[in-house]
Q: 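One structure coming up, written as structure tokens, with questions to follow.
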Number of protein chains: 2
Amino acid sequence: MATKQKDTRTARVTVKDLARDLGMSVSTVSRAFYPDAIVAEKTRDAVLKRAAELGYRPNPFAQSLITKKTQIVGMVVSDLTNPFYPEVMTHLTAKLQEAGMNVMLAAANEPEKTDEAVDLLLSYQPDLVIVLAVTLSSHAQEKCENAGAPCIFFNRLSANGLGFGVSCDNEEGGRRVADFLIDSGHKNLVYVSAFPGASTNVERQNGFCRRAVERGLEAPQIIEAGYFTYEAGYSAGLKMADIPGPIDGVFCANDIVAIGFIEGVQEGLGLSVPEDLSVVGFDNITMAGWPSHRLTTIAQPLEEMMQATVELSRELARERSLAPRINRLAPGELVQRKTTMPRSPAKETPHAEC
Amino acid sequence: MATKQKDTRTARVTVKDLARDLGMSVSTVSRAFYPDAIVAEKTRDAVLKRAAELGYRPNPFAQSLITKKTQIVGMVVSDLTNPFYPEVMTHLTAKLQEAGMNVMLAAANEPEKTDEAVDLLLSYQPDLVIVLAVTLSSHAQEKCENAGAPCIFFNRLSANGLGFGVSCDNEEGGRRVADFLIDSGHKNLVYVSAFPGASTNVERQNGFCRRAVERGLEAPQIIEAGYFTYEAGYSAGLKMADIPGPIDGVFCANDIVAIGFIEGVQEGLGLSVPEDLSVVGFDNITMAGWPSHRLTTIAQPLEEMMQATVELSRELARERSLAPRINRLAPGELVQRKTTMPRSPAKETPHAEC
DNA sequence: CTGAAAGCGCTTACAG
DNA sequence: CTGAAAGCGCTTACAG
């Protein structure tokens, strides 16, 4: 009883079984599954047909032992508090699966453990790694690359500037926000910065601040939220109390920060958005369109970014030693909702205390 | 040039390399990695030490070809629109990785493709599958089980009642909501139902409605939202217009539905929450605590649920043929926020039209 | 176009 | 306690 339990599961069918069934050699059967391999068309059809009937699938472990390709894509995620990522994650996964690749996750609750998680991931020899986390130590990145798994950074660049990247033109996005606010009469701007080490944050800030100065405004003041989270945005909102001078326009590093910021400013400081100040985000997450937020924001070209990532993954799965490249997509449109309003140029700045 | 590219990556070290380096046989080296295997303690230490130095890790593919265990946990997710899941997903993944298991994802954008995704997943022979999706066809479930991968249903039961399950006592949760509303003077109740096929939905509804009747109220009316999404909740909110009689208390199948419902009712019908009606959710997702929502809700015992799932996974990774069991945890507390208020018993129901 | 053989990196009876 | 050998399920030169 304890030694041998009845095992109801159907034993997996192997090449051998299939070969015997078809009266062919194992080699021939195997070749049928590789489009580039030389087999008689008739033979291939017969094999594929019977394989489907018997539910045969090549064992990917045995396969990769030889081919050194695993069809596994590693995906490094950190905190998924930002609703931008879950969506990306599932859609990317679905698309990758359609392309025959499988996604293996590396997640860590504490940032320091990310490296460990990546180690474990690497023992499965992913063909490549997609980084959806805000942070990945360059050490971990090197490990991946040494293990033969190039890294694709989604929505940001790697810390060392190496590796593959897919993101939108965040500087241009920042400039668009500046133009939009200035065109609608805003004069005193603030940028709410999130994670300072993230290229995304830096680029948006640069585009925004430089354009403001180019157009003759004072350089926007900076509030450091520190992270890409609701809570960080909320605290940043409270910090508005310390900002000298009247402020009429705020650009937050992304939507979730903007949403937190607005609630902080309303709850904590009793200000009204957009009456007292306009707030703009970045990403256009679904929630930004909800009646409770109606956030004015820059859309990300998400579909294109994911598409580009999948294409790149296919290439890398085939040929690991591609030269790293950065894929920059045009940012999406500015979606105007209810957290911004025009400032009449004649009107005095309404709230001197903010 | 085209034939052989310079490969900078360090070749992976194998048992052979390690054995040669140590002057031992491959068998001995291999045994050192299995706590139950018989090796001299001294030998084992030496092997493990040198392995760490050389960065050796047994190749899991080669390993599983023999052991038939992969240490892979399949995770089936569908839409992650409900913020409840991303959190669960990353935390579960992190915990599983700490236990030495790796998570492979199956995701599909269209529900019909879930089966395909599961097929692909199964070719990697996961030791078990955790279902985080609202839907998984019993056909797919059978496939998993036939492939030797038992399924753990998180936060719900499987459609056929078989398989493993970890969830809280949703009926008890429903009863608590009914008691809370009735104790605070509510008399005319509605339940907003989400996906009708989900055990979670059915149980919450049963607990709520039965308790209401037990306590002498009319059976709560049902609004069918149909899904566990914001949008479904929003539409359900609009449907309040069609509900006959005055309503003062609403229990929604979960938080994201409740949030949508409230916005629908406010935006579409011009009602105020909680002044015109009280609304209660279920889950206590982070967002429920934001100033923009302040949703009264039942907390899920998330930490315990995840812990139980990880334990179960460890057991199943060791011994696949455990007898299926359902793990029911006590629901968390009712968290009272700003979407509910007491109804004075004397007061007339204020809005006859709703 | 097909088949027999070697080998990927491991584990595990089987001897010793 | 250790080692030599077989074998997991595949792919791929190498012959034919």
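Letters A, B, ... mirror the listed sequences (proteins, then strands); counts begin at 1. The analysis underlying the following values was restricted to heavy atoms, covering all of them including side chains, and did not include hydrogens, waters or symmetry mates.
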Q: Applying a 4.0 Å non-hydrogen cut-off, can you work out what B:T14 is touching in the nucleic acid: base, sugar-phosphate, or nothing?
A: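 B:T14: backbone/sugar contact only, no base atoms under 4.0 Å.
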Q: Watson-Crick or G-U wobble partner for D:dA4, using a 3.5 Å limit on both distances?
A: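 Pairing partner, where one exists within any strand: none, as none qualifies.
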Q: Can you tell me which nucleotide in D:dT12, D:dA5, C:dT2 comes closest to the side chain of A:T43?
A: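 Of the candidates, C:dT2 comes closest.
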Q: Counting any heavy atom closer than 4.0 Å, what does A:Y34 reach on the DNA or RNA strands: base, sugar-phosphate only, or nothing?
A: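 The residue A:Y34 makes sugar-phosphate contact but no base contact.
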Q: So what does B:R57 hit on the nucleic acid, given a heavy-atom distance under 4.0 Å: a base, only sugar-phosphate, or nothing?
A: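 Since only primed, P, OP1 and OP2 atoms lie under 4.0 Å of B:R57, the category is sugar-phosphate.
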Q: Please classify the nucleic acid contact of A:F33 as base, sugar-phosphate, or nothing, using heavy-atom distances under 4.0 Å.
A: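 Contact class for A:F33: none.
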Q: When you get a sec, tell me which of C:dT12, C:dC1, D:dC10 is the closest nucleotide to the side chain of A:Y56?
A: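 Nucleotide nearest to A:Y56's side chain: D:dC10.
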Q: Want to settle it: does B:R31 or B:P58 sit nearer the 5' end of DNA chain C, counting the closest nucleotide to each?
A: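 So the residue in question is B:P58.
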Q: Let me know, please, whether A:T28 or B:T67 comes out on the 5' side of the other along DNA chain C by nearest nucleotide.
A: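 Taking each residue's closest nucleotide, the earlier one in sequence belongs to A:T28.
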Q: When the P atoms of C:dC14 and C:dC10 are considered, how many whole Å apart are they?
A: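 Per the computed distance, 24 Å lies between those P atoms.
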Q: So what does A:S64 hit on the nucleic acid, given a heavy-atom distance under 4.0 Å: a base, only sugar-phosphate, or nothing?
A: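 No contact at all - A:S64 keeps every heavy atom at 4.0 Å or more from the nucleic acid.
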Q: Answer yes or no: is there an ion pair linking B:E98 with B:K95, defined by an N-O contact shorter than 4.0 Å?
A: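 The answer is no: the pair does not qualify as a salt bridge.
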Q: Within the supplied structure, the quantity of interest is the number of heavy atoms (other residues, nucleotides, ligands) at a distance under 6.0 Å from A:R57 CZ; does it exceed 12?
A: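 Enclosed.
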Q: Would you say that more than 12 heavy atoms from the other residues, nucleotides or ligands in this model lie under 6.0 Å from the CZ of A:R328, or not?
A: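 Yes, enclosed.
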Q: Can A:D17 and A:R20 be counted as an ion pair, charged N to O under 4.0 angstrom?
A: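 Counted as a salt bridge, because a side-chain N and a carboxylate O are separated by less than 4.0 Å.
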